[in-house]
Amino acid sequence: MTNPASPHRPLRIGLLTAGGDCPGLNAAIRAVVARVTASGSAVIGIRSGWEGLINGETIPLERDDVRGIVARGGTILGTSRMDPYVHGKGAESVRETMAAARIDCLLVIGGDGSLRTAARLSSEGLPVVGIPKSIDNDIGGTDVSLGFHTSVQIVTDAIDRLTSTAESHNRIMVIEVMGRTTGWIATYAGMAGGAESILIPESPYDLKDLGDRLTQRHRTGHDYSIVVVAEGVEPPPGYELPISVDAFGFSRLGGVGSLIARELERLTDFESRVTTLGYLQRGGTPTAFDRVLATRFGVRAAEVAMSGSDGLMVALNGDRVVEVDLDAACRDVRRVPLDLYSQAGWFFA
Ligand code: F6P
């Protein structure tokens, strides 16, 4: 679909960050603003994600507003998990602010949920372009999402540190990482950190078997084991996690690592400890890879929006940044392929 904006007059490009934050958002904001303003068009920043769009919280973003933020974590625009279809009047509430702020095309830097909302708005005639960000890396249509690389590095550094303390005490160290429905962070960081086991939602696990293997490992001269667990795996049989939801009705995960550590201690002769990395995985400065990816995504998304195209998402395909259909990209959750997971398995205890 093509938005009505003419590429020959200065355009007004709306920009928001929605869903959970991640490293690289500011680098993407900077790139969009630099590219759009260099063409004589304007960027209208929207605060706090969809919530700010519904409430008309807009702020002009000039080139000087985004200087010095390429390395800064979080998002200068703020974000929220609010969804206009669940908490507002859907496209109607968004259309009002877009018209009032004279926004020609809306750039949405979002995860799977926010991009699904963007695709729905697009199907209802609103000009929208998406930029995929998610430390969970679960968005279809792109080889990688913004923020994932940094999280993997943070978790890998943590595994390296936890290995030395586990080794000193002859312990099993369970490390719980983010990954609501997919085990991308667990698989990559577990592989990079040399984990003895990686538990992900995509693959069932057998704790009795794992316990036997770890016992054998510790009895044969190895004095530590690293078990990486994605937060979205099912609790061990007989256990349940308390149900808790956030202000927007999304379930809060976390806690399965403790249950697994407790069970592993019971099933083996060895002490187990758990470390839940939580929001450390999302905070702070992006890696060089994510800064470059954010810059390339931001520049390309700005060019797509200014060309008058919409209903698209920028994506990484091999080493090229391309555009893909937004709706198709968000249709399915991108799961860890089992051939990748089984490669990590060659190093399991
Ligand atoms: O960004 C995705 C994610 O990191 C999930 O893995 C996690 O469950 C969720 O965000 C938690 O974020 P919040 O508490 O901010 O909703």
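We number each residue from 1, following the sequence as shown. Both counts, for ligands and for their atoms, begin at 1 and track the order of listing.
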Per atom 10 (O) of ligand 1, closest listed option by heavy atom (R180, R282, K133):
R282
Is the shortest distance from a Lys or Arg side-chain nitrogen in R217 or E196 to a carboxylate oxygen in the other one below 4.0 Å?
yes
How far is atom 14 (O) of ligand 1 from its nearest protein heavy atom, and which residue and atom is that?
Y279 OH, 2.4 Å
Does at least one non-hydrogen atom of E231 fall below 4.0 angstrom from an atom of ligand 1?
yes
Which heavy atom in S114 sits nearest to a heavy atom in V108, and how many Å separate them?
O-CG1, 4.3 Å
Hey, is D104 close enough to R9 for a salt bridge, meaning N to O under 4.0 Å?
yes
E202 with R335: basic N within carboxylate O range, under 4.0 Å
no
Salt bridge check, R282 against D21: does any charged N sit closer than 4.0 Å to a carboxylate O?
yes
Separation of L277 CG from I154 CD1 (nearest 0.5 Å):
9.0 Å
Shortest protein heavy-atom distance from atom 2 (C) of ligand 1, along with the residue and atom involved
D136 OD2, 3.4 Å
Looking at ligand 1, is there an atom of it that comes within less than 4.0 Å of some heavy atom belonging to G179?
yes
Residue and atom name of the nearest protein heavy atom (relative to atom 4 (O) of ligand 1), distance in Å to one decimal:
M178 SD, 2.7 Å
Which protein heavy atom lies closest to atom 16 (O) of ligand 1, and at what distance to 0.1 Å?
R81 NE, 2.6 Å
